[in-house]
Amino acid sequence: MKAVVLVGGEGTRLRPLTFTTPKPLLPIANRTFLERQLEWLGAHGVDEVVLSLGYLPDAFRDRFPGDQVAGVRLRYAVEPEPLGTAGGIRFAAEGIDERLVVCNGDVLTDLDLGALVRFHEERRAEATIALTRVEDPSAFGVVPTRPTGEVIAFVEKPPPGKAPTDWINAGTYVLEPSVLSRIPARLNVSIERDTFPRMLDRPGRLYALRSDAYWLDIGTPEKYLQAHADVLAGRLGRPPVPGASERCPGVWEQGEVDVDAGARLEPPVLVGAASRIGPGARIVGSVLGAGCVVGPGARVRRSVLLDGARLEPESEVIDSVLGAGALIGAEAIVADHSVVGADATVEPGTRMSGARVHLPAPPH
Ligand code: GTP
């Protein structure tokens, strides 16, 4: 089975991380998100994936130089300009004349794709959408269905309390090739706002399957942190970090790490290879990438540090994300879903809450 994965978005809500790294190439618990997704697709019988992209294409080629990842053959369809979700699918699926799986490149899930395809076949649907239930559907595309699963409507971002159901479009689809011919070529078109709603003018074409599988859109700093917490809690499978050694229950290390005897690590914690944690430092419920440095007395709580991020002595990072090579000066406090971009510096003694910090001229 072939799949198209949509990875062309700029990931604006995760800036400044996404100024330098496209969202699908950000790590989740020290493993590239897209690699996780390709493995999931491969495990469900997908043997070829076309990446539909345009934003920072070289970053993808650099990360996956070969044409095989996790047993899946990889191809690239680089859009001349952003074509939206439907336009991107149409462009990427050029020359494909068979049933296709499509997924957003920013959804962490263990959805049973095989069950979605079987449901699609049983209904003889033209397109089938996976649905997931969320507590507050007001930020999503809500999809009410009949008992048979046939889609009744698409309600985009309903006002709080006004949604007809809690079930939302989970961003995974099974499409017959005829759906592709409904998408105009080389135009910016959205599948969820244009193509699917138009298909409702005749019954029997569009179905949706409700799923209770794990599902998370990783697209905001809060959700990106949540994804890490969920992986470490084993919600996406066990062991949470394959290949890592468990220093004590819930504290994993990858390769050689240097943890001072006077440092405290409170689970769940993942420490990437060659990281150093100094005396009196405290790491609580966090992930450190490879080559990170946490200086003496520094504290990291419920946060994510990408490779090579550094904390100088007595600094503190709480509920925040540090990009690769970011530097937090001594006694600075970075808190409340702050995001520090790659190689950016927070000056010593600074206090910031919900901040975005990046180098003066993002390479964009
Ligand atoms: P935000 O800017 O933070 O909203 O993130 P985003 O750019 O990823 O947008 P959104 O979350 O709405 O996109 C959903 C999925 O579609 C993501 O996997 C994006 O990579 C992808 N996507 C969005 N726009 C395009 C596009 O124009 N072309 C392609 N190929 N993919 C897109």
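Ligands are counted one by one from 1 in listed order, and the atoms in each one are counted from 1 as well.
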- Task: Would you kindly say whether T148 and R123 are connected by a side-chain donor-acceptor distance under 3.5 Å?
- Result: no
- Side chain or backbone of T12 under 4.0 Å from ligand 1, or both, or neither, by non-hydrogen atoms? both
- Judging by distance only, is a nitrogen or oxygen of G84 under 3.5 angstrom from one on ligand 1? yes
- What's the spacing between L327 CG and S315 OG if we round to 0.5 Å? 8.5 Å
- If you count the atoms of ligand 1 from 1 in the order shown, which ones are under 4.0 Å from a heavy atom of L83? 27 (O)
- Does at least one non-hydrogen atom of G11 fall below 4.0 angstrom from an atom of ligand 1? yes
- Any atoms of ligand 1 less than 4.0 Å from a non-hydrogen atom of T85? List them with their elements. 16 (O)
- Short list, please: which atoms of ligand 1 are under 4.0 Å from a heavy atom of P82? 27 (O)
- Give the atoms of ligand 1, by number and element, whose distance to some non-hydrogen atom of G105 is under 4.0 Å. 18 (O)
- May I ask you to check if R186 and F91 form a cation-pi contact, with NZ or CZ under 6.0 angstrom from the six-membered ring centre and within 45° of the axis? no
- Taken to the nearest 0.5 Å, the spacing of I318 CD1 from R302 CZ works out to 7.0 Å
- Between E192, E79, E10, K23, which one has a non-hydrogen atom sitting closest to atom 30 (N) of ligand 1? E79
- Query: Is N188 in polar range of ligand 1, meaning some N or O pair under 3.5 Å apart?
  - Reply: no
- Query: Right, does atom 12 (O) of ligand 1 have protein non-hydrogen atoms nearer than 4.0 Å?
  - Reply: no
- Query: Would you say L6 has any N or O atom under 3.5 Å from an N or O of ligand 1, going by distance alone?
  - Reply: yes
- Task: Quick one: do H358 and F19 satisfy ring-ring contact (aromatic ring centres under 6.0 Å, His included)? Show the steps, please.
- Result: CA-CA 9 Å; H358 57 83; F19 280 142; 5.2 Å; yes
- Using the ring of each side chain (for Trp, its six-membered ring), is F154 parallel, tilted or perpendicular to F196, with breaks at 30° and 60°? parallel
- Sequence neighbours left out, what passes side chain to side chain donor-acceptor pair (under 3.5 Å) with E121? Give chain and number order. R99
- Task: Establish, from distance only, whether the side-chain atoms of E192 and T85 form a donor-acceptor pair under 3.5 Å.
- Result: yes
- For ligand 1, is any non-hydrogen atom under 4.0 Å from R13's backbone (N, CA, C, O), its side chain (CB onward), both, or neither? both
